[in-house]
2 protein chains.
Amino acid sequence: MSNKNEQQKRAPRETTAARQASILAGALRCFDELGIDGTTISDIQKETKCSVGSLYHHFGNKEGIAEELFIEGIQQFNTGMIRKLKRSTTAEERVKSVVRFYCDWTARNRALARYLHSRNIEFSEEARARLRQIHELYINQVFQLFTDHVLSGEMRALPLDTYVPLISGPVQEFTRRWLSGQSGSGSSISREMKELFADAAWKVVKT
Amino acid sequence: MSNKNEQQKRAPRETTAARQASILAGALRCFDELGIDGTTISDIQKETKCSVGSLYHHFGNKEGIAEELFIEGIQQFNTGMIRKLKRSTTAEERVKSVVRFYCDWTARNRALARYLHSRNIEFSEEARARLRQIHELYINQVFQLFTDHVLSGEMRALPLDTYVPLISGPVQEFTRRWLSGQSGSGSSISREMKELFADAAWKVVKT
DNA sequence: GCTTTTACTAGAATATTATTCTAGTTAAGA
DNA sequence: TCTTAACTAGAATAATATTCTAGTAAAAGC
């Protein structure tokens, strides 16, 4: 096995992670203000004080920026959700926590939430593979928290691919509409609304 | 009031509506195969045997094509839904009809459904105004069918902006995932699934 | 500490794509 | 029948994304 073309890998510099994060933050500001299709590489450059060369060095192309931002957002959401769910113990509290966290996170991260809502598919095969893996991992963690409640009979046993739509579907659609009505950072979602959707979710999956 | 710059308006030719429809159909095929961001004007030209001049004459720009396709799709969906809902009479049947129609329409119009799911905001102010008006009209028609059931106590009285998320949110999220798993035109959504979501919707809004 | 190498920055050059412009054809409507 | 606006066509241009070349600077090995 000839080992030509060998090129030592080297760790990225200390400052790199922070720089990439700041580029993603700038890109998000652009997406939020100018729309995703509306923002150009040049817009992102101005917003982040970054050269084209650097942008392409870090992310490959424009789509790479969008993908990375999406993945980071999903991971931030997932991590928060898992942490939140682990704090409650009963089936009812856990189901309701899903809904409440969804509302709170959305209100606290509007631009990012808007971005996650607006983009879907359309990513490169590589990015979709990463997303699939992240999603699988997340779903496993969440389901692990709920299986006991299903086995004990507190929650209905349903096809696995229906729990997420049944529990999160309504809040998701509600927040989507809420976000597109809002532009700035006005009020948050009222307690009554949160509880309405939390109750509805529980009503559907409880036995 | 000086009336310069006057230019007689004239009705479009008979063939125009059909031509525009065929362009939209071709654009949809492109969007479905190449992705929305992935399709170029040149792709649409090849698919529709249309010159750039004609494309821009009919739709103004690329975004105009996307907007028109979106609006046509929404209207087709809304018309079908209203027609379907008028065929049932009881509160339960009507609520369940919403869910069933959602599934059936999605399975029958996959490419269009995928497109409607993937795009959101990002449209011109003019297109958003048109969409708002269409949506308002639709919501009024739907609510007119349901108010009696609320007044008679068969259905819960809830904030107006929660009915759509509560009833359609779950199927919507389910079909969105279903569509992104599917690419061609395989099987349809099983009767059991449809009924599961129909029952869930009814359970949430019934008194 | 010195050297080498690779991560990183920068922006000019190029390629790709969207849009506009100019010149016709064709059919509505007077 | 004539005029004119709707429509078609594609070349010319503008906007934008991406690549290329030339550096600078900090890891990692000596």
Side-chain angles (χ1 to χ4, degrees), chain A residues 3-27 30-31 33-69 119 122-124 126-127, chain B residues 3-27 30-31 33-69 119 122-124 126-127:
Chain A
N3 210 357
K4 310 157 187 174
N5 244 1
E6 52 202 319
Q7 198 178 358
Q8 292 288 353
K9 277 273 172 66
R10 188 181 284 180
R13 299 181 190 166
E14 285 179 28
T15 56
T16 297
R19 185 81 184 100
Q20 290 184 350
S22 91
I23 292 171
L24 292 180
C30 289
F31 290 159
E33 280 166 36
L34 310 168
I36 299 172
D37 296 343
T39 78
T40 67
I41 286 290
S42 157
D43 291 326
I44 298 177
Q45 267 185 266
K46 278 170 209 148
E47 186 70 29
T48 60
K49 265 105 183 112
C50 194
S51 69
V52 225
S54 292
L55 245 29
Y56 279 81
H57 171 75
H58 288 300
F59 299 101
N61 56 25
K62 196 181 156 186
E63 198 54 17
I65 300 175
E67 289 174 353
E68 203 56 37
L69 181 60
R119 290 232 69 174
E122 302 278 303
F123 285 142
S124 70
E126 192 233 337
Chain B
N3 211 0
K4 311 157 187 178
N5 244 0
E6 51 204 318
Q7 197 177 3
Q8 290 290 350
K9 275 272 172 64
R10 189 180 283 182
R13 297 181 191 168
E14 283 179 28
T15 55
T16 297
R19 185 82 185 102
Q20 290 183 349
S22 91
I23 292 171
L24 292 180
C30 290
F31 291 159
E33 280 165 37
L34 310 169
I36 299 171
D37 296 343
T39 78
T40 66
I41 286 289
S42 156
D43 292 325
I44 297 177
Q45 268 186 267
K46 278 171 209 146
E47 186 72 27
T48 59
K49 264 101 183 117
C50 195
S51 68
V52 226
S54 292
L55 245 29
Y56 278 81
H57 171 74
H58 287 300
F59 298 103
N61 56 25
K62 197 181 157 187
E63 197 55 18
I65 300 175
E67 289 174 353
E68 202 57 37
L69 180 60
R119 290 231 70 177
E122 300 281 301
F123 285 141
S124 69
E126 193 233 335

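Residue numbers begin at 1 in each chain, while the letters A, B, ... track the order of the sequences.
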**Asked** Tell me, for nucleotides 18-30 of chain C in 5' to 3' order, what letter each nucleotide earns: B for a base near a protein heavy atom under 4.0 Å, S for only sugar-phosphate near one, - for neither?
**Response** SBB-----BBBS-

**Message:** Please report the interatomic distance SG(B:C50) to CZ(B:F59), rounded to the nearest 0.5 Å.
**Reply:**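 It comes to 8.5 Å.
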
**Request:** Calculate, to the nearest 0.5 Å, the distance between atoms CD and NE2 belonging to B:Q20 and B:H57 respectively.
**Result:**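 B:Q20 atom CD to B:H57 atom NE2 measures 8.0 Å (nearest 0.5 Å).
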
Whether [X] contacts [N] is assessed here as follows: a side-chain N or O lying under 4.0 Å from the phosphate OP1 or OP2. Is that the case?
| X | N | value |
| --- | --- | --- |
| A:H57 | C:dC8 | yes |
| B:S54 | D:dT8 | yes |
| A:H58 | C:dA7 | no |

**Prompt:** How about A:T16 and A:R13: does a side-chain donor come under 3.5 Å of a side-chain acceptor?
**Reply:**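 Absent: no donor and acceptor within the cut-off.
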
Could you tell me the separation between the [atom1] atom of [X] and the [atom2] atom of [N], rounded to a whole number of Å?
| X | N | atom1 | atom2 | answer |
| --- | --- | --- | --- | --- |
| B:F59 | D:dA6 | CZ | P | 16 Å |
| A:R19 | D:dA26 | CZ | P | 15 Å |
| A:I44 | D:dT18 | CD1 | P | 10 Å |
| B:K49 | D:dA9 | NZ | C1' | 16 Å |
| A:L55 | D:dT16 | CG | P | 16 Å |
| A:K46 | C:dG11 | NZ | P | 14 Å |
| B:I23 | D:dA6 | CD1 | C1' | 14 Å |

Would you confirm whether [X], through its side chain, and [Y], through its main-chain N or O, come within 3.5 Å as a donor-acceptor pair?
| X | Y | result |
| --- | --- | --- |
| B:E122 | A:I36 | yes |
| A:K62 | A:T39 | yes |
| A:E67 | A:S124 | yes |

